[in-house]
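In what follows, chains are A, B, ... by sequence order, proteins preceding strands, each numbered from 1. Just so it is clear, the values below take in all heavy atoms, side chains as well, and ignore hydrogens, waters and symmetry mates.
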2 protein chains.
Amino acid sequence: MASIKDVAAEAGVSVATVSRVLNDHPSVSADARTRVQAAVESLGYRPNAVARSLRTDQTHTLGLVISDVLNPYFTELARSVEEEARALGYSVIIGNADERPDLQDHHVRNLLDRRIDGLLVSPTDGGSPLMLDAARAGTPMVFVDRWIPGVDVPVVRADGRAAVRDLVAHLYALGHRRVAIIAGPAATTTGRERVEVFREALQEHGLDLPEAYTGQGDFQVESGRRVTEGFLDLAEPPEVVFAADNLMALGALDAVRARGLRVPDDIALAAFDDIRWFVHTDPPVTAIAQPTGELGRAAVRALVDRIEGRPGESVTLPARLVVRRSCGESPSPVQRSTT
Amino acid sequence: MASIKDVAAEAGVSVATVSRVLNDHPSVSADARTRVQAAVESLGYRPNAVARSLRTDQTHTLGLVISDVLNPYFTELARSVEEEARALGYSVIIGNADERPDLQDHHVRNLLDRRIDGLLVSPTDGGSPLMLDAARAGTPMVFVDRWIPGVDVPVVRADGRAAVRDLVAHLYALGHRRVAIIAGPAATTTGRERVEVFREALQEHGLDLPEAYTGQGDFQVESGRRVTEGFLDLAEPPEVVFAADNLMALGALDAVRARGLRVPDDIALAAFDDIRWFVHTDPPVTAIAQPTGELGRAAVRALVDRIEGRPGESVTLPARLVVRRSCGESPSPVQRSTT
DNA sequence: CTGAAAGCGCTTACAG
DNA sequence: CTGAAAGCGCTTACAG
């Protein structure tokens, strides 16, 4: 592959001049510029980004460590992150933690070794030493969706409080009283918060969230299935199950279907995170929708701000309830989705 | 961030010795080794992968350019690629072309500039000059899923011929005679092939695939919706629609639903590419399943073979039909899915 | 406007 | 077993 030396030789100038032309430095004669451009063209020269990074100490690359690419929520997040980053002149390297702290650390380490300019992470756990060290060492960092309390890093996330309250009101209005949740890992903020907020909202209606109706999931399909089976095995199963993410809702659907039962007649279902397929499931699933694309873009902007020396602030955007049919037919027409 | 010099100073050895320890070179005294390890530990030193890459001319990185990350098929492919690559000691950088040739070129260029060791691509079009040049220039390359004819690069893909034939037999057995397809872009191999194979299979049953029943899609949701609307507007709409990928099937579902019609009673539906959600859609969708994970892994193995100087062969794996209820109830129990 | 030279952080023949 | 030195491909003060 042609190097800058080859271009210099071909153009009859020094490598310094070639470099200046490549970087649009103003003090280059028109003549030199055209000769260099011609040489670049004829050799099919492309600057070596590795060498450039070593020299400038910038990679123009962002690392994104997400908990699970197969989760459509994170896929969409990753996509919006890449789009916004590209618009700002950055590439992004994605690391998929698959909800495993060890894999998360693997990717963080790999990304740090590659000297990415900044790190966007949706932590799978409460923060490994590696991650905490990186934050303390001053690596530009932003948390997205999930975060680690006590670490001085901007957080870009959705606030689901109002939407969860709307959901509970909806469930209550439909007559449901025995309500269960499939929670995410307690080591994650979203895993904890969704349960807490849900419980608080239930209390406002005088409802309880008993131990037996609090299942521990891990945000992945299998756990949703397992927990739902447990609920169905109870002497008095819940009337509704709220899955703290869309994959566990899929697992719940699997479990219900496997027993030949129907949603919402036998058991109702709602999910955190809305996805396109929920419109076409049987029945369409009531869900809490996050402004995913906007979260991804805001996170990138905050991170790039940090990288380029600007403040880089936390952002919280509201989530909203999208009512469909999986909790039963609404007697009054509340916020019925039009999609 | 500590560099190799800092480690050398701390350990009281030369940087060469530090490098040897880091790379498990045999000729290092036990004493030097322990001192270096201690220094690495106490400084929290991590080798700079950028510098190492510049020096060794290897990045241990694979580039993966896929047509659309939001397509669950490609998400799963990307995931299996990353897994296998990691197992073989490589990282992967994903570029999402979003079915746009210009974006595809952007990513290919970016990856080449970063000097990735090899490129895995599922081309969005018939091959840009950039891609063809890269292949000719000897960049280790492998095509997955889609490929570019006439380019000497291994291809790892699924053969859907038998599955499509099974599908047509299934449709025929159910009494369907007016059959339509939502095709993918003619510039892609999969876009072309799926139509051809489908047409051939229909002919074997004495059925025709008229122009009016051949809609041009682009593998994305909106095109599936648009084409399906066109079909429904015909004086004599088709009895079945076969979507050449899962996203266009989703668009078809949207279109059918928007008119208040039902699958399969008003119009039947089948799709290429099976995804988990198809089990829970209303109705469950009959689909052709590719061995996606295996394709991703085989593609990585072929690419790494090429990178490391071994042959690196093409692989073709069979796809299979998964019958569900979206084409109507089967009178005879053929290959009913158990999932 | 231009070039020679230093240096980014590594690895690796080469000599000892 | 070890170190001094060259060199990977760039960028950028510095001097002219």
### Query
Looking across every strand, which nucleic acid part, if any, lies under 4.0 Å from A:S19 by heavy atom: base, sugar-phosphate, or nothing?
base
### Task
Specify the residue among B:S14 and B:R55 whose closest nucleotide of DNA chain D lies further upstream toward the 5′ end.
B:S14
### Among B:T292, B:D145, B:D245, B:D68, side chain to side chain donor-acceptor pair (under 3.5 Å) partner for B:Y73
B:D145
### Task
Assign each of B:T17 and A:L22 to its nearest nucleotide of DNA chain D by heavy atoms, then name whichever residue's nucleotide is nearer the 5' end.
B:T17
### Task
Using the C1' atom on both, measure D:dT12 against D:dG16 and round to a whole Å.
16 Å
### Summary
DNA chain C: first to last nucleotide in contact with chain A (atom under 4.0 angstrom from a heavy atom), 5' to 3', is C:dC1 to C:dG9
### Message
Heavy atoms only, 4.0 Å cut-off, all strands: where does A:S27 land among base, sugar-phosphate and nothing?
### Response
base
### Task
Give a yes or no on whether A:D152 atom CG has more than 12 heavy-atom contacts from other residues, nucleotides or ligands under 6.0 Å away.
no
### Query
What is the nucleic acid contact for B:D57, judged by heavy atoms within less than 4.0 Å: base, sugar-phosphate only, or nothing?
nothing
### Task
Verify whether one side chain among B:S67 and B:R146 offers a donor that lies under 3.5 Å from an acceptor in the other.
yes
### Task
May I ask you to test the B:H107-B:L103 pair for a side-chain heavy-atom distance under 4.5 Å?
yes
### Task
Sort out the partner of D:dT2 for me: Watson-Crick or G-U wobble, both distances under 3.5 Å, none otherwise.
C:dA15
### Distance, nearest 0.5 Å, that separates CD of B:E41 from OG1 of B:T34
13.0 Å
#### Entry: Most 5' of B:A16 and B:L54 on DNA chain C, judged by nearest nucleotide
B:L54
### Task
Kindly determine whether B:H106 and B:R100 satisfy side chain to side chain contact (heavy atoms under 4.5 Å, CB included), including the steps that lead there.
CA-CA 10 Å; B:H106 163 89; B:R100 286 167 44 192; over 6 Å; no
